[in-house]
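Scroll down for the structure; my scribbles are underneath it.
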Amino acid sequence: GGRVIAVSDIIHRTENELYFYALLSAAFLLLVLVLVFQRFWGILISLSAVVMSLLLFLGFIGFMKQPLSLLSNLFPTLILVVGMSDVIHIVSKYLDELHKGKDQKTALRIAIKEIGLATLLTSITTAIGFAALAASNISVIREFGLLAASGVFITYIAVILLTIATLSQFRQNQLANMTHHISFLNPMMLASYRLVKTHSKKIIVFWILLIGVCIFGITKISTNNYLLGDLPKKSEIREDMAFFEEKLSGIRPFELAVLAQENHKIGELAVLEEIEKLTKYLAEIPEISTVISPVTIYKSLNKSYHANKPGSYHLPKDSIDLKKYNRQLKRVYNKNISLLISDDKKHGRMTAGIRDIGSDSIHLINENIEKWIATNTNTDLVKFQLTGTGLLVDKNHIYLRKNLFIGLGLAFFIVSILMALLFRNWKMVIISLIPNIIPLIISGAVMGFMGITLSAATSIIFTLAFGIAVDDTIHFLSKFKLQLRKGYSVDEAIQTTYTETGKALCLTTVILFFSFMILATSSFQATYHIGLLVSITLFSALVADLYLLPILLYWWMED
């Protein structure tokens, strides 16, 4: 039992899930490609591009000698769905141009010009979303963000080069069932366009009400993290840890540093009496058990010098006995004693087990302990300071909350700059951000209503989802801008964007949604929550892009 065994079990499960999700994601994408293209070569080209991207990325991880972590099983799904999104947009545009009567060379040039640039921008924004995680103080999250950002660019380059190199070698009827491909989602896109055009005020009211409900849900988000929170609920290792928790004191370490002041040492009776007061106080706290401190050594010595009588387990009552015990400690000093008292007797350690009741609850206990120490101990003799791995874990969660807003704010800022450079219009910057803020609010509300704790893993959801979700907005606005340049009115540009780009957005979102939902089958709670919440965020981002973004364009862009 113990932490080492638990970590080993997690690593083993992570390795298994990495391969499992790579195969499952590839199988799902193959199914989607069959439904979309219905032609062998179209399926093979698209699948080869994304699988090659994944292989290159995994090779990159190996070359960089990066170890696997709990978040590593997200990589196959991330790379495959990001690559598939790029493929769908490029191939769909290429086939659309062929359907309009363009020759292969012209169609490919238009696809590269219109979709290639937009796809590059979406890759940049997605990479920004991941790279923003580098602001985290936690190395696992920081490394995950940087690797994922690198993977996005590796995927873009691989998809662009491989897709462009192979598309021109095949006729359009070899790549896709053109009748099916063109008409598959057109009726739904036209219906969405008409709905937005005729019921814009009702739709706005709906969004306002939804945001109000979501804000209420966000207030319910818990930050009370548990040490075993991410372990599979039905795993043997979790059952073992729960047994230790119930029968053999708390599994979570509780540590206090003992610091003798100025000329005083822990071997002095007055200092030991101060430590004893705190030891007794800690023993009275129900959540804390098995308190061991420097006084434990002296009380044990006192008992052994009194024939092990039960009533003699206490501190020596006079300085003569204490000097005798200190001389004895010098003669028998070993590593076990040094765990509690330093060689110079200036530093000591108090250790105990505390029940895994959640970081917020433990924080309150720690505050009460610090207040008691401040009012009931003589700080001229000795001082006490909370320390240990348990405290570090809790501080990490505090850093996470700060880093969440820093990373997300950084992503918003950089994406805003990109939008400003792309559209050269401050209105378009605001228009592009609003549909991508709402999905994050919805995701936060889901966390609150479902009781999902804001932890190390779930904290990455917001920056991760924002980086991916903003891709749809960029594709929509890029197409809209191109139509305006061609001389179309705002209404005509929106309608054309619906019927051409809207179809690709739906296809890519369906792929992203179900690919991340696959992660919801994970035995790890963190992976399950990421899969569920990112899927919900991406779906709500598509809805916002189709049923809010056009309304904003009508209101702010109409002359």
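Numbering of residues begins at 1 and proceeds along the displayed sequence. Because only heavy atoms are used, hydrogens play no part in the values below, and waters and symmetry mates are left out as well, while side chains stay in.
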Atom [atom1] of [X] and atom [atom2] of [Y]: how far apart are they, to the nearest 0.5 Å?
X	Y	atom1	atom2	result
I292	L339	CD1	CG	9.5 Å
N376	K277	CG	NZ	6.5 Å
M350	L386	CE	CG	10.5 Å
S304	Y325	OG	OH	7.0 Å

Which heavy atom of [X] sits nearest a heavy atom of [Y], and at what distance?
X	Y	value
D380	H264	O-CD2, 3.7 Å
I275	S293	CG2-OG, 4.0 Å
F449	V213	CZ-O, 3.8 Å
C214	I441	CB-CG2, 3.4 Å
R349	V258	N-CG2, 4.1 Å
P439	S540	CB-OG, 3.4 Å

Donor-acceptor contact below 3.5 Å, side chain [X] vs main chain [Y]:
X	Y	value
S535	M517	yes
Q261	L259	yes
K346	E262	yes
N302	S312	yes

Legend entry - Steps toward side-chain contact (heavy atoms from CB on, under 4.5 Å) verdict (Y156, V82): CA-CA 8 Å; Y156 173 77; V82 168; over 6 Å; no
Inset, instruction - Apply salt bridge (Lys or Arg N to Asp or Glu O under 4.0 Å) to K265 and E268, showing your working. - result: CA-CA 6 Å; K265 292 187 176 182; E268 298 174 14; over 6 Å; no
Inset, instruction - Determine whether the side chains of S443 and T537 contain a donor N or O and an acceptor N or O closer than 3.5 Å. - result: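 There is such a pair (donor and acceptor under 3.5 Å, judged by atom type) between the side chains of S443 and T537.
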Legend entry - Step-by-step side-chain contact (heavy atoms from CB on, under 4.5 Å) determination, T290 to F254: CA-CA 10 Å; T290 320; F254 177 84; over 6 Å; no
Inset, instruction - Kindly assign one of parallel, tilted or perpendicular to the pair W372 and Y281, based on the angle between their ring planes and the thresholds 30° and 60°. - result: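 The arrangement is parallel - the two ring planes meet at less than 30°.
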Inset, instruction - Test Y298 against every option in D321, L269, N326 by the side-chain contact (heavy atoms from CB on, under 4.5 Å) rule and name the one that passes. - result: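 For Y298, the side-chain contact (heavy atoms from CB on, under 4.5 Å) check succeeds only for N326.
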Legend entry - Worked check of side-chain contact (heavy atoms from CB on, under 4.5 Å) between I157 and L56: CA-CA 11 Å; I157 295 170; L56 289 172; over 6 Å; no
